[in-house]
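See below for the structure under consideration.
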4 protein chains.
Amino acid sequence: MAATKRQAGSSATRTEARAAESKQSSSQRRQALVEVAAELFAESGFRATTVRQIGEAAGVFSGSLYHHFDSKEAIADEILSTYLDGIVREYKSIVKEHTDPGTALRELVRAAFASLEPHRAAITILQNERSYLAELPRFAYLTKVENEVRRIWVKVLDTGIAQGSFHKDLDTKLTYQFLRDAIWVAVRWFAPSGRLSVDQLADQYLKLVMRGIELDSDEAPRLW
Amino acid sequence: MAATKRQAGSSATRTEARAAESKQSSSQRRQALVEVAAELFAESGFRATTVRQIGEAAGVFSGSLYHHFDSKEAIADEILSTYLDGIVREYKSIVKEHTDPGTALRELVRAAFASLEPHRAAITILQNERSYLAELPRFAYLTKVENEVRRIWVKVLDTGIAQGSFHKDLDTKLTYQFLRDAIWVAVRWFAPSGRLSVDQLADQYLKLVMRGIELDSDEAPRLW
Amino acid sequence: MAATKRQAGSSATRTEARAAESKQSSSQRRQALVEVAAELFAESGFRATTVRQIGEAAGVFSGSLYHHFDSKEAIADEILSTYLDGIVREYKSIVKEHTDPGTALRELVRAAFASLEPHRAAITILQNERSYLAELPRFAYLTKVENEVRRIWVKVLDTGIAQGSFHKDLDTKLTYQFLRDAIWVAVRWFAPSGRLSVDQLADQYLKLVMRGIELDSDEAPRLW
Amino acid sequence: MAATKRQAGSSATRTEARAAESKQSSSQRRQALVEVAAELFAESGFRATTVRQIGEAAGVFSGSLYHHFDSKEAIADEILSTYLDGIVREYKSIVKEHTDPGTALRELVRAAFASLEPHRAAITILQNERSYLAELPRFAYLTKVENEVRRIWVKVLDTGIAQGSFHKDLDTKLTYQFLRDAIWVAVRWFAPSGRLSVDQLADQYLKLVMRGIELDSDEAPRLW
DNA sequence: TATGAATGAGGTTTCATTCAT
DNA sequence: CATGAATGAAACCTCATTCAT
């Protein structure tokens with residue numbers, strides 16, 4: 001990368017590097033900065049990441065970030081809203097398409113796992129900094145969207161119980177929390193380059209929990 | 001309480017109050033400070049809590065904390081090691097006492113849930129600040145203890161499979177992670193004064209996951 | 001106006017708009033920028049106004065200002081020197097035309113009030129930022145011109161005393177300061193659209209001070 | 001002063017200096033810092049003075065100021081409210097004591113002039129930064145107090161007209177503005193060590209304006 | 001032991017200015 | 001000429017820690 005060539009204090013080198021990079025458009029640059037920041041947020045969290053670190057990782061001075069973003073929070077905002085917009089849309093499309101609660105739930109779980117890797121930063125921030133951010137007016141929407149997501153999942157669970165395909169002794173709100181938390185928290189240790197692919201991860205997880213949810217959920221139907 | 005006597009700005013009154021309080025031994029004072037800090041850490045996290053906040057909450061000036069602790073990290077250290085020492089001892093005692101894997105796993109889960117409330121701060125720190133702290137030499141033991149705990153849980157799962165009482169298609173390491181994460185992460189929203197007691201919470205959770213682990217795990221044995 | 005055509009974020013549209021506007025000559029453009037800046041300086045002061053604000057108000061990017069001006073100070077320079085050149089010329093013409101000190105003084109006061117509105121920015125800057133600017137070599141002329149102005153006013157006052165038409169116990173330098181300050185400072189609250197026109201304002205002021213300056217200054221001549 | 005002994009980077013020297021200074025109590029130190037800041041504010045204005053400058057002038061690091069004050073604004077707040085509290089009390093006592101409008105007005109003017117030197121910073125801030133500060137919630141009281149002061153002065157002027165001792169063609173609100181502005185603005189150039197004492201200044205000013213206010217205000221009574 | 005003033009590094013943000021395109 | 005990304009210094013402020021009293 002250009003950044004690695006750069007020597008601190010050498011503005012000549014710096015300028016050359018800039019020239020080499022600057023083929024990209026404004027929105028591309030902005031997007032690149034968001035991605036750099038996201039990586040750092042995913043690694044260390046939002047508050048623990050400094051704008052100077054973001055700048056260094058992006059090969060610019062921290063002040064330059066403010067040409068593209070109003071504040072550090074604005075970067076987080078972009079990361080979070082991109083994630084939440086997408087995931088809500090996806091969840092909605094899943095429950096629209098799959099009327100069977102068991103299938104719908106499996107697809108929701110798979111979608112949630114699939115979002116881990118591309119949205120590592122957003123999920124990390126939501127887990128660690130949620131209570132801090134939710135107090136800020138700028139992030140008031142977080143609570144709203146979370147409620148929306150919860151309603152979608154809980155409705156699937158409720159429907160499953162009503163139809164007689166899910167265990168009726170489940171506390172559906174609680175079950176949703178357990179499901180979501182266990183998936184999301186995996187963002188901390190899940191590395192797609194590791195032992196397991198995200199699909200394998202989702203399958204293992206579904207094995208673990210679906211037998212506790214569905215009345216008759218073994219892959220091989222029971223014969224008794 | 002002494003605190004009510006205190007008039008803002010009157011350091012004389014402050015000193016008297018201190019004197020009245022200081023009937024307690026040094027280790028009692030230390031313990032009280034740890035508890036105050038723990039509450040704040042549980043609420044806001046380790047890095048987000050300032051030593052000044054701890055001092056204020058404890059009724060002393062921030063500088064005074066350094067007579068009892070080397071650093072802010074030392075307080076976290078005390079909180080974490082107390083928790084980890086206790087939970088490891090408890091887990092060991094459980095697996096010693098219960099040779100049946102199903103029972104042992106249920107007890108481990110119940111113990112984990114039971115630790116949420118008394119060790120809210122430790123668990124919060126482990127979740128949010130673990131990666132930051134684990135890099136510090138002082139907290140090198142974190143990884144060791146975590147490995148120890150994992151071995152205990154995984155051994156129970158492995159034994160269950162070997163004995164034929166647990167599903168043999170479970171990835172035991174992964175299953176441990178899912179189990180632990182879903183329990184721990186509940187520290188964020190579980191309030192014992194709320195809708196559910198910790199026992200009810202554990203029961204709901206066991207219902208959800210044990211059917212996915214045990215081959216025949218309904219509380220009421222199936223009669224067909 | 002071109003501004004209404006512009007869509008935020010569309011640089012293409014922006015460029016077209018620029019083209020449409022650029023029928024004006026370079027000096028016209030420069031003059032327009034000065035006026036935009038002046039309005040902002042008058043409202044918020046010189047230092048508190050950023051070049052970005054100027055650019056936005058003028059419909060260009062801040063960097064573009066530097067094609068017309070060396071620096072932000074250069075804009076202030078233009079505003080100040082335009083004002084000072086004009087006012088000095090006017091004062092000189094007044095004292096040339098009116099040999100009677102009373103009439104001359106009245107005209108000076110009226111001219112000073114009349115300058116408030118068209119030169120709000122210059123007067124605001126001179127009041128709030130004078131000491132900061134006067135240290136810069138570029139603004140060394142400020143002190144010179146101010147001395148020149150003072151000499152003009154004081155000479156009128158001295159002449160009035162020498163001729164026996166002004167109170168002889170006046171400290172003329174001090175009186176000048178009082179007169180000038182009270183007029184200039186009105187720039188902060190005087191709004192020509194308000195209760196009073198600039199002429200009415202000047203008249204009220206003359207009523208207040210001329211009786212303290214002239215020996216016999218009532219509008220209706222005294223008969224004793 | 002201790003500060004002059006200090007060499008940058010020499011913490012030994014620094015510590016000695018601190019020791020020599022530290023005979024003072026907390027509130028004394030606070031007061032000393034306010035005075036240091038006030039001097040700088042008076043010289044350069046509130047915004048143009050940096051906390052580093054205040055720190056340097058006080059012989060501490062800028063961060064140390066925040067041990068005593070919440071913010072730079074808090075320092076200005078202290079300066080302003082001290083001034084305003086005092087001047088309002090003084091004005092009230094004057095109008096209470098002097099029922100004759102002429103005498104009362106003279107005393108108000110004298111009090112205003114007398115406040116110039118001890119409250120140079122407050123008056124400078126009020127003149128240059130008023131519109132900026134008044135928008136901040138913390139300084140909402142500024143407008144209130146200013147209104148109170150205006151009412152006091154205007155009432156004296158109104159009473160004088162009603163009693164027939166002041167010219168009835170005065171716009172009293174406007175006259176108040178002229179009076180106050182001309183006095184306050186003198187803070188910029190008045191140096192008590194200069195040619196004139198504050199009393200002489202007030203006298204000259206009274207000579208200038210009182211003849212325009214009172215119907216019969218010559219020192220030597222007219223005989224017609 | 002407690003105080004509380006001070007440190008000093010580092011946090012986010014602002015802004016006049018430069019310059020390749 | 002205009003753009004707009006970048007600079008880099010400097011702004012205000014925070015905070016764990018130290019230390020003389």
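Every chain is numbered from 1 and lettered A, B, ... according to where its sequence line falls, protein lines coming before strand lines. These numbers come from a predicted model, not from an experiment.
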Choosing from [options], which nucleotide comes nearest the side chain of [X]?
X: T50(D); options: dA11(F), dT17(E), dT13(E); result: dA11(F)
X: R52(A); options: dT12(E), dA6(F), dC13(F); result: dT12(E)
X: R29(A); options: dT13(E), dA5(F), dG4(F); result: dA5(F)

Protein-nucleotide distance ([X], atom [atom1]; [N], atom [atom2]), rounded to Å:
X: F61(C); N: dA6(F); atom1: CZ; atom2: C1'; result: 15 Å
X: I54(B); N: dA16(F); atom1: CD1; atom2: P; result: 8 Å
X: K72(C); N: dT18(E); atom1: NZ; atom2: C1'; result: 17 Å
X: D70(B); N: dT17(F); atom1: CG; atom2: P; result: 9 Å
X: E56(D); N: dC12(F); atom1: CD; atom2: P; result: 12 Å
X: E73(C); N: dC15(E); atom1: CD; atom2: P; result: 16 Å
X: L33(A); N: dG4(F); atom1: CG; atom2: P; result: 16 Å
X: I75(D); N: dC12(F); atom1: CD1; atom2: P; result: 10 Å

Respond yes when some side-chain nitrogen or oxygen of [X] is under 4.0 Å from OP1 or OP2 of [N], and no when none is.
X: Y66(D); N: dC13(F); value: yes
X: H68(B); N: dA2(E); value: yes
X: S64(C); N: dT3(F); value: yes
X: R47(B); N: dC15(F); value: no
X: H67(C); N: dC1(F); value: no

More than 12 heavy atoms of other groups within 6.0 Å of E73(D) CD:
yes

Base partner of dA20(E), which must satisfy Watson-Crick or wobble distances under 3.5 Å:
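Pair assignment: dA20(E) / dT3(F).
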
Within the 4.0 Å heavy-atom criterion, would you say S71(C) contacts the bases, only the backbone, or no part of the nucleic acid?
sugar-phosphate

Whichever of S62(C) and S62(D) has the more 5' nearest nucleotide on DNA chain E, that residue is S62(D)

Would you kindly compare G63(A) and A48(B) by the position of their nearest DNA chain F nucleotide and give the one closer to the 5′ end?
G63(A)

Closest-nucleotide mapping onto DNA chain F: is T49(B) or S27(A) further toward the 5' terminus? I mean the 5' end.
S27(A)

Is it true that a side-chain atom of [X] and a backbone atom of [Y] form a donor plus acceptor pair closer than 3.5 Å?
X: Q53(D); Y: T50(D); value: yes
X: S64(A); Y: V60(A); value: no
X: T49(D); Y: L40(D); value: yes

Quick one: closest heavy-atom pair of S44(D) and A48(D), and the distance?
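Residues S44(D) and A48(D), closest heavy atoms: O-CB, 3.1 Å.
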
Only residue of R138(D), K72(D), R30(D) satisfying salt bridge (Lys or Arg N to Asp or Glu O under 4.0 Å) with E78(D) is R30(D)

